[in-house]
Amino acid sequence: MSQSARSNGFGRVLVVVYGVLAIAATGRSLVQIVRDFDAAPLAYSLSAAAALVYILATVALLKRGSGWRRVAVATIGFELVGVLAVGVLSLTAPELFGHPSVWSWFGMGYGFIPLILPIVGLWWVLRGSERNNNAH
């Protein structure tokens with residue numbers, strides 16, 4: 001996928017949404033960890049992990065090259081597995097968490113964007129890879 005495809009239209013929206021989630025998750029996790037880490041260490045650590053995933057995904061979506069494309073796929077794939085695993089566990093074993101994380105209840109606290117975003121993100125990145133492979 002060309003740099004212009006990622007910086008225009010839908011690609012720009014995707015990068016902006018990842019960037020906003022990166023900022024939101026980073027702020028949330030820092031406040032939670034500083035204020036009350038002992039109350040819910042797993043949930044707050046998961047929020048910090050989500051923040052790192054969103055930051056790396058944002059950077060990977062902005063960068064050119066097949067290496068960054070692989071980083072985007074790996075990061076967004078990890079995000080999807082994380083939100084599904086944490087979503088299921090937050091429903092079936094809520095006592096593990098103490099407090100909600102970004103990915104609790106499949107991202108319900110964020111309007112389910114954490115659940116939808118990795119599906120859309122993987123589609124976008126892989127769609128661009130297919131397009132590049134068909135162009136050669």
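Because only heavy atoms are used, hydrogens play no part in the values below, and waters and symmetry mates are left out as well, while side chains stay in. None of these values were measured; they are calculated from a predicted model.
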A.B. asks: Could you go through residues 72-84 and list every donor-acceptor pair under 3.5 Å that involves a side-chain atom there, pairing it with any protein atom two or more places apart or in another chain?
C.D. replies:
| from | atom 1 | to | atom 2 | distance (Å) |
| --- | --- | --- | --- | --- |
| Thr75 | OG1 | Val71 | O | 2.7 |
| Glu79 | OE1 | Tyr18 | OH | 2.6 |

A.B. asks: The criterion is side chain to side chain donor-acceptor pair (under 3.5 Å); which residues satisfy it with Ser29, sequence neighbours excluded?
C.D. replies: none
A.B. asks: If hydrophobic residues (ILVMFWY) are linked whenever their side-chain heavy atoms come closer than 4.5 Å, directly or via other members, who joins Val31 in its cluster?
C.D. replies: none
A.B. asks: Can you confirm whether Val88 sits close enough to Phe106 that some side-chain heavy atom of one is under 4.5 Å from a side-chain heavy atom of the other?
C.D. replies: yes
A.B. asks: Report yes or no: does Ser47 contribute a side-chain atom to a donor-acceptor pair with the main-chain N or O of Ser101 at less than 3.5 Å?
C.D. replies: no
A.B. asks: Output all residues satisfying side chain to side chain contact (heavy atoms under 4.5 Å, CB included) with Leu42, sequence neighbours left out; order by chain, then residue number.
C.D. replies: Leu46, Leu96, Phe97
A.B. asks: Among residues two or more places apart or on two chains, list those pairs meeting ring pair (Phe, Tyr, Trp, His ring centres under 6.0 Å) that have a residue in residues 21-52.
C.D. replies: Tyr44-His99
A.B. asks: Are Val102 and Leu52 in one and the same hydrophobic cluster, where Ile, Leu, Val, Met, Phe, Trp and Tyr link if side-chain heavy atoms are under 4.5 Å apart?
C.D. replies: no
A.B. asks: Filter on side chain to side chain donor-acceptor pair (under 3.5 Å), then keep only pairs touching residues 80-89, sequence neighbours left out; what's left?
C.D. replies: none
A.B. asks: Are Val59 and Ile23 joined in one hydrophobic group, where the rule is that I, L, V, M, F, W and Y side chains link up if heavy atoms are under 4.5 Å apart?
C.D. replies: no
A.B. asks: Give the cluster check for Leu91 versus Leu115: same hydrophobic cluster or not, with ILVMFWY residues linked at side-chain heavy-atom distances below 4.5 Å.
C.D. replies: yes
A.B. asks: Is there a path of hydrophobic side-chain contacts, each under 4.5 Å between heavy atoms, that joins Ile116 and Val53?
C.D. replies: yes
A.B. asks: List the atom of Val86, the atom of Ser104, and the distance in Å for their closest heavy-atom pair.
C.D. replies: CG1-N, 3.8 Å
A.B. asks: Sequence neighbours left out, what pairs pass side chain to side chain donor-acceptor pair (under 3.5 Å) with at least one residue falling in residues 85-95?
C.D. replies: none
A.B. asks: List for me each residue that meets side chain to side chain contact (heavy atoms under 4.5 Å, CB included) alongside Ala22, sequence neighbours excluded, and say none if there are none.
C.D. replies: Tyr54, Ile55, Thr58
A.B. asks: Got a sec, which residues hit side chain to side chain contact (heavy atoms under 4.5 Å, CB included) with Leu30, two or more places apart in sequence or on another chain?
C.D. replies: Thr26
A.B. asks: Who else is in Val20's hydrophobic cluster (ILVMFWY, side-chain heavy atoms under 4.5 Å, direct or via others)?
C.D. replies: Val16
A.B. asks: Calculate, to the nearest 0.5 Å, the distance between atoms CG and CZ belonging to Leu62 and Arg12 respectively.
C.D. replies: 10.5 Å
A.B. asks: In terms of hydrophobic clusters joined by side-chain contacts under 4.5 Å, are Val15 and Ile119 together?
C.D. replies: yes
A.B. asks: To the nearest 0.5 Å, what is the distance between OH (Tyr110) and CH2 (Trp103)?
C.D. replies: 12.0 Å
